[in-house]
Amino acid sequence: MSSRHEVLEALSRIAFGHAFLDEEPMRARAFDNAYRTLKKLPDLRAAFDAGEVARLPGVGPGILDVVGRVFRGEPVPALERLEELIPAGIFEARRLPGIGPKKLKVLQDQLGIQSLAELEYAVNENRLTSLPGFGAKTQDKVRDALAAMRERASLRRLDQARDAVDAVLERLRAVPGVHRAERAGEARRGTEVVADVLAAAVVDVDAVPAVLAALDAAPGPERDGVPTLVTSGDTPVTIGLGHYVDTFGALWLWLTGAPEHVQAVAARANERGGTLGPLGLHLAERRVPCPEEDDVYAALDLHPTPPERREAGVPLVPRGEAAPRLLRREDLRGALHNHTTSSDGISSLEEMCAAANAAGLEYLGISEHSQTAAYAGGLDAGALRAQIATIAALNATRAAAGGTTVLSGIESDILKEGDLDYPDDVLAGLDVVIASVHNRYGLGRDGMTARMLAAAANPWVDVIGHPTGRLILGRPASEFDVEAWLDACAASGCAVELNANPQRLDLCERHLAMAKERGLLVSISADAHSAQALAHLDYGVVIARRAGLGPADVLNAKPLAELRAWLAERRARAAPGGSRNTPSPTRS
DNA sequence: GCCGTTTTCGGCCCGACTGTTTTCAGTCG
C-alpha cells in the first residue's frame with residue numbers, strides 16, 4: 001500500500017464528504033481540484049519532499065497540511081470528522097459510476113442505506129425506482145455497477161500491484177537474513193490487471209519470524225510445496241519463500257508463471273530425463289545450480305523467455321534459433337503525446353522539456369487538448385497558433401545546446417461524426433496531429449465504428465489516441481469494430497497509440513498484436529500531464545513487449561529525422577502542394 | 001480551501017448528456 005494512494009484517498013474523501021453533507025460546496029471543490037491535480041504525479045512522495053506540491057495551483061496551506069499529515073501517518077481532523085458523520089459504506093459507494101453524492105444522500109435518508117450490501121438488497125427489492133430523482137434505468141445502472149464492483153474487488157491495476165509489491169520488497173530487503181527478494185507473478189509479467197500480487201524471496205529459516213514482524217504478515221497456504229507469507233492491508237502481497245540462494249532461479253521462474261510457460265519449461269526438463277520444480281532443477285540425477293533464471297533456461301538449451309512473454313501460446317525458443325528482438329525502453333527516441341500547463345498539465349513546457357532531456361528523449365511532442373474539451377482547458381485556434389510560435393522560439397534557443405526538440409502537436413477531439421476540432425489551415429501549422437475520442441462513448445457500435453473509420457481516413461490524422469477510451473477497472477472500452485478500424489488505419493497509413501498511462505494501456509496487447517499483423521506503426525505515448533509522468537513510457541514498453549512488438553513496429557522508435565520524413569510524407573498527401581509549418585495564409 | 005493585471009473579498013471550468021422530469025438536477029469529462 002502506497003502513501004500516494006492514501007493521500008489521494010484522503011483528498012477524495014474530504015471532497016466527497018462535504019458534497020454528501022451538502023456543506024461548504026466550494027471547499028469540496030477545492031479538495032476535488034487538489035485531488036485531480038495531485039493524481040497527475042506518479043511519484044507524489046518525491047514531489048512533496050522536493051517542495052513541488054506546495055507550488056502547484058490549487059494547493060494552499062489547508063491542502064498541504066492534509067498531504068503532510070497523511071505522509072507522516074498523523075490523523076487528519078478534517079477527515080476524521082467526516083468519517084464520524086458518514087458511514088464507511090457510503091464512502092465506498094461513491095465509486096459507483098452514475099451515482100453521485102446527491103443520490104447517495106437520498107438513499108441514506110429515505111432507505112437508511114449505509115453499506116453496499118444494503119444497497120444491493122434494496123435494488124433487488126426494487127425499492128430504488130420510487131425515490132425522487134430515481135427511475136428504472138437508474139436502478140439498473142446501480143445493479144450493474146454493483147456487479148462490476150464485486151467482480152473487480154480482488155483485482156488491481158498493474159501500477160497498483162507493482163507499487164504494493166515494491167513497497168513490501170523494500171521493507172523485506174532491509175530485514176537481516178533476507179538474501180534475495182523480487183517481484184513475481186503477474187506484476188512481474190506485466191499483465192494489465194493483477195489478481196494475485198506475488199513476490200519471491202530467499203530467507204534464512206531463523207529470520208522468518210523477523211520478516212513476519214517487519215511486514216505485519218502471517219503464514220499463508222503452501223503453493224506447489226512452497227511456503228508463503230501474506231501481508232495485511234488492502235492489497236495483500238503473497239511472498240513465496242525459498243531458503244537457498246543457489247536455487248532461487250527455479251523458485252523465481254516458478255512463481256513468475258504463467259503456469260503454461262512453467263509447464264512447458266518443466267516438460268523440456270522431463271524430455272531430458274530431469275525435473276524442474278520450485279525447489280530446483282535436476283538433470284542426470286544431479287542438482288543444477290541455478291541462482292538466476294537464466295541458469296535454468298541455459299541448462300535446458302533455451303533462450304531465456306522475458307517475463308512479459310511467459311504466456312500461454314508463446315513458444316519456448318531453443319538455442320540455435322534466433323530469439324525475437326523485443327522493444328526496449330532505450331529504443332524509444334521520443335514521445336509524441338504530452339500536455340503542459342497550457343491545457344490540463346501541471347508542468348510547464350520548459351519543465352516537460354527538461355524532463356524529456358533527462359529521460360534521454362530526442363524529441364517531445366506537445367499535444368494539448370482541443371477547443372471542444374473546454375473542461376480540460378482546450379486551446380482555441382488562436383491559443384494553438386500562439387503555442388506553435390512559443391515552441392518554435394524555444395527550439396531555436398535550444399538547438400545549439402543539442403537538447404530535446406519539441407514538436408508542435410495537438411490532441412484533437414474526434415467530434416461526433418469523426419471530424420477534427422480545427423479547420424485544415426490550423427492543422428497544417430502543426431508537426432503532428434493526434435486524434436482522440438473524449439465524449440459520447442455511448443453512440444452504439446455502428447455509430448462509433450463510423451466515427452472511428454472517419455477519423456482513420458482523415459488525411460490530417462497521424463495518430464489515433466487511446467482508441468478504445470477504456471479506463472482499466474473503471475470504464476469499459478467503447479464498442480466499435482476494431483478490426484475494420486485497424487484495416488482503415490492500414491489503408492490510410494496512420495499510426496495507432498499505445499497510451500502508456502497505466503489507467504489506460506490503450507490499445508491493449510491483443511489489439512496491438514492485431515495492429516502489428518497489419519503492419520501498422522504504434523505510437524507509445526506517456527500522455528504525460530506532469531514531468532514525472534513521462535516515466536509512464538515504461539509501462540508502454542512492458543505492454544508492447546507482451547504484444548510481441550519490436551523497434552520496427554514503433555513510430556517513436558524512429559530517430560527524429562526519420563520521424564519528420566514520415567510526417568512530411570503524410571502531410572504532402574493531406575495537403576498537396578503544402579507542407580507542415582507553413583500555414584496557409586487564409587485565416588478563418 | 002484557493003486565488004488575484006478583478007488580491008485581503010467574493011468569486012470559484014463549463015457544456016453535454018442522461019434520466020428524470022414537465023423545466024431540470026445530477027453526473028461526467
Side-chain angles (χ1 to χ4, degrees), chain A residues 10-40 53-69 76-79 81-82 93-107 128-145 339 341-346 368-380 383 411 413-416 421 436-444 447-448 465-466 469-471 474-476 478 501 503-504 506 527 529:
Chain A
L11 297 174
S12 163
R13 280 177 172 242
I14 294 171
F16 171 84
H18 288 303
F20 179 82
L21 297 176
D22 202 16
E23 60 174 28
E24 303 195 65
M26 289 310 153
R27 178 188 267 212
R29 168 173 292 205
F31 275 93
D32 190 51
N33 285 341
Y35 166 74
R36 289 169 196 274
T37 300
L38 267 48
K39 202 165 60 157
K40 294 171 183 173
V53 168
R55 292 196 291 271
L56 292 172
V59 177
I63 302 284
L64 201 62
D65 179 59
V66 170
V67 175
R69 282 172 179 274
V76 181
L79 179 56
R81 185 189 135 257
L82 292 167
R94 82 189 193 283
R95 301 196 189 284
L96 295 168
I99 304 300
K102 296 291 187 290
K103 283 200 161 64
L104 285 173
K105 191 73 166 63
V106 172
L107 288 168
L128 267 55
T129 53
S130 56
L131 298 173
F134 286 72
K137 288 196 174 182
T138 304
Q139 181 169 275
D140 288 347
K141 199 190 284 186
V142 173
R143 180 184 288 113
D144 293 347
H339 300 266
T341 46
S342 292
S343 64
D344 61 346
I346 60 171
E368 310 288 11
H369 287 283
S370 62
Q371 50 199 347
T372 292
Y375 60 88
L379 273 51
D380 63 22
E411 183 186 15
D413 269 31
I414 298 173
L415 307 182
K416 189 179 174 188
D421 215 0
S436 308
V437 167
H438 287 110
N439 55 18
R440 299 186 184 94
Y441 293 101
L443 282 183
M448 190 59 91
H466 49 71
R470 72 161 177 177
L471 296 176
R475 182 174 65 210
S478 63
N501 182 319
Q503 288 189 63
R504 292 189 182 270
D506 183 11
D527 194 0
H529 286 69

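Letters go in sequence order (proteins before strands), and every chain restarts at 1.
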Exercise. Indicate, with a heavy-atom threshold strictly under 4.0 Å, whether Ala136(A) touches base, sugar-phosphate, or nothing.
Key: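 The residue Ala136(A) makes sugar-phosphate contact but no base contact.
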Quiz item: Below 4.0 angstrom from OP1 or OP2 of dT20(B), is there any side-chain N or O of Thr138(A)?
Solution: yes
Quiz item: Between dC17(B) and Arg440(A), is there an OP1 or OP2 to side-chain N/O distance shorter than 4.0 Å?
Solution: yes
Quiz prompt | Residues Arg81(A), Glu23(A): salt bridge by 4.0 Å N-O rule | solution =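 Yes.
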Quiz item: If you measure from the Lys or Arg side-chain nitrogens to the Asp or Glu carboxylate oxygens, is any gap between Arg143(A) and Asp140(A) under 4.0 Å?
Solution: yes
Practice problem: Name the pairing partner of dT18(B), where a pair is Watson-Crick or G-U wobble with both distances under 3.5 Å, or state none. | Solution: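 In the structure as shown, dT18(B) has dA25(B) as its Watson-Crick or wobble partner.
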Quiz prompt | Spacing of the C1' atoms in dC13(B) and dT27(B) (rounded, Å) | solution =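 Straight-line distance between the two C1' atoms is 15 Å.
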Calculate the interatomic distance between [X] atom [atom1] and [N] atom [atom2]; express it in whole Å.
| X | N | atom1 | atom2 | result |
| --- | --- | --- | --- | --- |
| Arg29(A) | dG1(B) | CZ | C1' | 12 Å |
| Asp22(A) | dA25(B) | CG | C1' | 12 Å |
| Glu24(A) | dG11(B) | CD | C1' | 16 Å |
| Asp380(A) | dC14(B) | CG | P | 14 Å |
| His18(A) | dC2(B) | NE2 | P | 11 Å |

Quiz item: Does a side-chain heavy-atom distance below 4.5 Å link Ser343(A) with Leu379(A)?
Solution: yes
Between the protein and nucleotides 27-29 of chain B, which nitrogen or oxygen pairs come in under 3.5 angstrom?
{"from": "dT27(B)", "atom 1": "OP1", "to": "Gly100(A)", "atom 2": "N", "distance (Å)": "2.3"}
{"from": "dT27(B)", "atom 1": "OP1", "to": "Gly100(A)", "atom 2": "O", "distance (Å)": "3.0"}
{"from": "dT27(B)", "atom 1": "OP1", "to": "Lys103(A)", "atom 2": "N", "distance (Å)": "3.3"}
{"from": "dT27(B)", "atom 1": "OP2", "to": "Lys102(A)", "atom 2": "N", "distance (Å)": "3.4"}
{"from": "dT27(B)", "atom 1": "O5'", "to": "Gly100(A)", "atom 2": "N", "distance (Å)": "3.4"}
{"from": "dC28(B)", "atom 1": "OP1", "to": "Gly98(A)", "atom 2": "N", "distance (Å)": "2.6"}
{"from": "dG29(B)", "atom 1": "OP1", "to": "Arg475(A)", "atom 2": "NH1", "distance (Å)": "3.1"}
{"from": "dG29(B)", "atom 1": "O3'", "to": "Tyr375(A)", "atom 2": "OH", "distance (Å)": "3.1"}
{"from": "dG29(B)", "atom 1": "O3'", "to": "His438(A)", "atom 2": "O", "distance (Å)": "3.1"}

